[in-house]
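We name chains A, B, ... by the order of the sequence lines, and we start the count at 1 in each one. Note that these values count all heavy atoms, side chains included, but never hydrogens, waters or copies made by symmetry.
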Amino acid sequence: MWRGRCLCRRCAEQGQSSYNRNIVTLDFLGTLQRTHMCGDLRSSHVDSANSGETITLMGWVNRRRDHGNLIFLDLRDRSGITQVVLDKEIAPEAHAKAEAARPEYVVAVTGVLRARGEGLANPNMATGEVELVAHSLLLLNDAKTPPFSPAEDAIGNEEVRLKYRYIDLRRTEMQHNFALRSRVAMAIRNYLVSQGFLEIETPFMTRSTPEGARDYLVPSRVHPGHFYALPQSPQIFKQILMISGFDRYFQIARCFRDEDLRADRQPEFTQIDLEITFPQMATIFATAEGFLRAAFNAAGITLSDQPFIQMTYDQAITRYGIDKPDMRLPAMVDLSATLTAELRETLKIDAALPVLGFTIPRVGEMSGTARKALVSEIRATFGDTGLDFLDVARLRTNETFLPLAEAIAAKLTAEQLVFNGENFTTEDLAVVITPKPGTPAMWNYDPQWIYKRVGALRLELAKKFADKHKLFEQTHTAADFKFLWVTDFPMYEWNEESKTWDAAHHPFTSPHEDDIISGRLVNDKGAVRALAYDVVLNGTELGSGSIRIHRKDVQAEIFRSLGMSDEEAHNRFGFFLDALEYGTPPHGGIALGLDRIVMILAGAQSLREVIAFPKTAKAIDLMVDAPTPVSEQQLRELSLKTVTRS
RNA sequence: GGGGACGUAGCUCAGUUGGUUAGAGCGCUGCCCUGUCACGGCAGAGGUCGCGGGUUCGAGCCCCGUCGUCCCCGCCA
């Protein structure tokens, strides 16, 4: 064995003295087969009869502890780690090879499993009762010193992790995440198939429909100047599958949206997409709840059989100030009724507007200084928004306001001060948000604006105090997961910029039948409710769906109301309008984000932890380095020319 | 498009008021070690302080610009 510095050009250039410190002679695998996985070995596998039965493990060197004539290798595969002992007296050749082994070398070990002696067991390891005494060791491959060690719990920065994703993915946590993801996806498939759903694939190369998100485009070589688009969702295809009579469709489908990213948004992501004919919302809810229970079950969590709670969009806004309420936090309460006319006068609070209160658990334990800091923080958060707040604990110290404080406390005690099974005193209440007089122009006297702004503050403060109050601590039981359905979304949203009505969901969503019959669809767009619904878990939107329009006349009316001429609608969706004319059954469905479900189940803070090869916030794949420029030749073939934008 | 945080050894980070030769832990290399399991001991290597410009006698530190990563707002039917 030649030992010395690697002299190859690459190492010389990089100055990496660490590469191949010892040039080792690598072994061939030959016909050797693995007999066990590292993480599976237990006392029951020990060769107690001394029959000499051997075990062969293969994997990566996790750690090496060299005691001279005795070397320990922690051998790792996806199942776990087993300690291998190399004793110079027992197996001198294997021992010599182990001297050359380094972390992340790939090795095969054959030997006899033995129980560790008294005091030698490691209770922190699943396999800590046993160790493999090596008779032979094969060095199947060496490894450069990795930029970070998969054996370490402390993880490096994301840039390095993403560049060397294959090393990052070796970490136990990541291995668990993807095993979990696989189990969850399988459980969902099994459930849906058992409910009579057919899995049908739809195209990736499809037609750009310039609604919603920006498309990723694919240029056509044979049709210069023409482009396919990657699907933002299989929406139209799944509706056409219903028109085609497939009755129940599902797909675990990749979707693509060219929008700015977040911790919970990737440019390509995976949806559990399904659609049924002759739908009642209850059927769709039961189906989604069914596969969610199956998915959680696959993660070892048994959810209750009770249907998820439901609330309307309006209720969500007035109680939580957001359309995806986190039910782990107490709701807001409208305290308008507790304010007498005199108090409103004294406090200069507008009689027409809501006065909202919410609790911050144990805020009463805060010191005076901390409380002051919180107060100025809230002021800063609101900025010059025309909102102000009252600190109830402060109100209690002022005789004028004592009745108000008592009234508020009484109302909150009734409705709010039991949280996570604990009772709080009114000292826990910090804030009551009131619209300040004199600056109504900023929010157009819109109560919704107040609800949403206070809702945002509620979330911010919850995050701030989350650790302190163990608000989001995971016990990994059903109690950690608060689901709900939000229904009756508005059909339209007013677009202040373009002065038009936009579809709040998508333009294939059916309005409430009542709102069609009553004529509201034409006369009072702002009041039209959609048969659209979201499923929300712990403040995260897991998915959304709707009952679709199945009548051509209704679909045409919706397109018109969105400011789309018949001609324009025909240009964009002609094929779909045609399809609607050939016997379209009522249909509806839903799509849920698989990545988000797995992220929550894994207790991860980012989708990147549950997507094997994710992209950065700027949509770059750091491992393969994509996107890249392409050759002039490729561009010419596609009849494309790049221009530099100023 | 906007706001914020970060960028110093392979990794995690420290670096005082701008002042001599930029440090620590881990990792890495060599030697020693038969019961370790985050092994230990001794010795050693390793730096374009993200990049570019400016101020200054002097810049890791101050200023301007730029690039990258992360978080948030806008955006995501």
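Listed by chain and residue number, A/Gln251, A/Asp273 satisfy the side chain to side chain donor-acceptor pair (under 3.5 Å) test with A/Tyr249 (two or more places apart in sequence, or in another chain). Contacts of A/Asp74 classified as salt bridge (charged side-chain N to carboxylate O under 4.0 Å, His left out), with partners at least two apart in sequence or in another chain: A/Arg65. With sequence neighbours excluded, the residues that form a ring pair (Phe, Tyr, Trp, His ring centres under 6.0 Å) with A/Phe559 are A/Phe573. Shown here are the side chain to side chain donor-acceptor pair (under 3.5 Å) partners of A/Lys552, two or more places apart in sequence or in another chain: A/Glu581. Checked against side chain to side chain donor-acceptor pair (under 3.5 Å), A/Asp264 has no partners two or more places apart in sequence or in another chain. Remark: A/Asp566 pairs with A/Arg560 by the salt bridge (charged side-chain N to carboxylate O under 4.0 Å, His left out) rule, at least two apart or across chains. Partners of A/Asn69 according to the side chain to side chain donor-acceptor pair (under 3.5 Å) rule, which considers only residues two or more places apart in sequence or in another chain, do not exist here.
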Expected list for residues 607-616 of chain A: side-chain donor-acceptor pairs under 3.5 angstrom, two or more places apart:
| residue | atom | partner | partner atom | Å |
| --- | --- | --- | --- | --- |
| A/Arg608 | NE | A/Glu158 | OE1 | 2.8 |
| A/Arg608 | NE | A/Glu158 | OE2 | 3.3 |
| A/Arg608 | NH2 | A/Glu158 | OE2 | 2.7 |
| A/Arg608 | NH2 | A/Ser606 | OG | 3.4 |
| A/Glu609 | OE1 | A/Arg161 | NH2 | 3.1 |
| A/Glu609 | OE2 | A/Arg161 | NH1 | 3.2 |
| A/Glu609 | OE2 | A/Arg161 | NH2 | 3.4 |
| A/Lys615 | NZ | A/Glu268 | OE2 | 3.0 |
| A/Thr616 | OG1 | A/Lys618 | N | 3.2 |
| A/Thr616 | OG1 | A/Ile620 | N | 3.3 |

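B/G68 is paired with B/C6 under the Watson-Crick or G-U wobble criterion, all donor-acceptor distances under 3.5 Å. Pair assignment for B/C75: none, as no Watson-Crick or G-U wobble contacts are both less than 3.5 Å.
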Where protein sits on nucleotides 37-43 of chain B, one letter per nucleotide: B base, S sugar-phosphate only, - none, heavy atoms under 4.0 Å: BSB----
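Between B/C73, B/U12, B/G35, one nucleotide has an atom nearer to the side chain of A/Asn157 than all others, and that is B/U12.
Of the residues in residues 158-175 of chain A, those lying under 4.0 Å from RNA chain B by heavy-atom distance are A/Glu159, A/Val160. Of the residues in residues 542-551 of chain A, none lies under 4.0 Å from RNA chain B by heavy-atom distance.
Within 4.0 Å (heavy atoms only), A/Lys618 reaches sugar-phosphate atoms of the nucleic acid but no base atom. Residue contacts for A/Thr509: at a heavy-atom cut-off of 4.0 Å it reaches no nucleic acid atom on any strand shown. A/Ala504 comes within 4.0 angstrom of sugar-phosphate atoms only, judged by non-hydrogen atoms across all strands, and of no base.
The side chain to side chain donor-acceptor pair (under 3.5 Å) pairs that include a residue from residues 525-540 of chain A are A/Asp515-A/Arg529, where partners are two or more places apart or lie in different chains.
Taking atom CG on A/Leu459 and atom P on B/C72, their separation rounds to 13 Å, with Å as the unit.
Listed here is the closest heavy atom pair of A/Leu75 and A/Val61: CD1-N, 4.3 Å.
Residue A/Ser149 has no polar side-chain atom (N or O) positioned under 4.0 Å from OP1 or OP2 of B/G27.
A distance of 5.5 Å separates CD1 of A/Ile81 from CE of A/Met125, quoted to the nearest 0.5 Å.
Remark: ring of A/Phe148 does not overlap the six-membered base ring of B/C11 in a stacked fashion, as centroids less than 5.5 Å apart with planes less than 30° apart are not both met.
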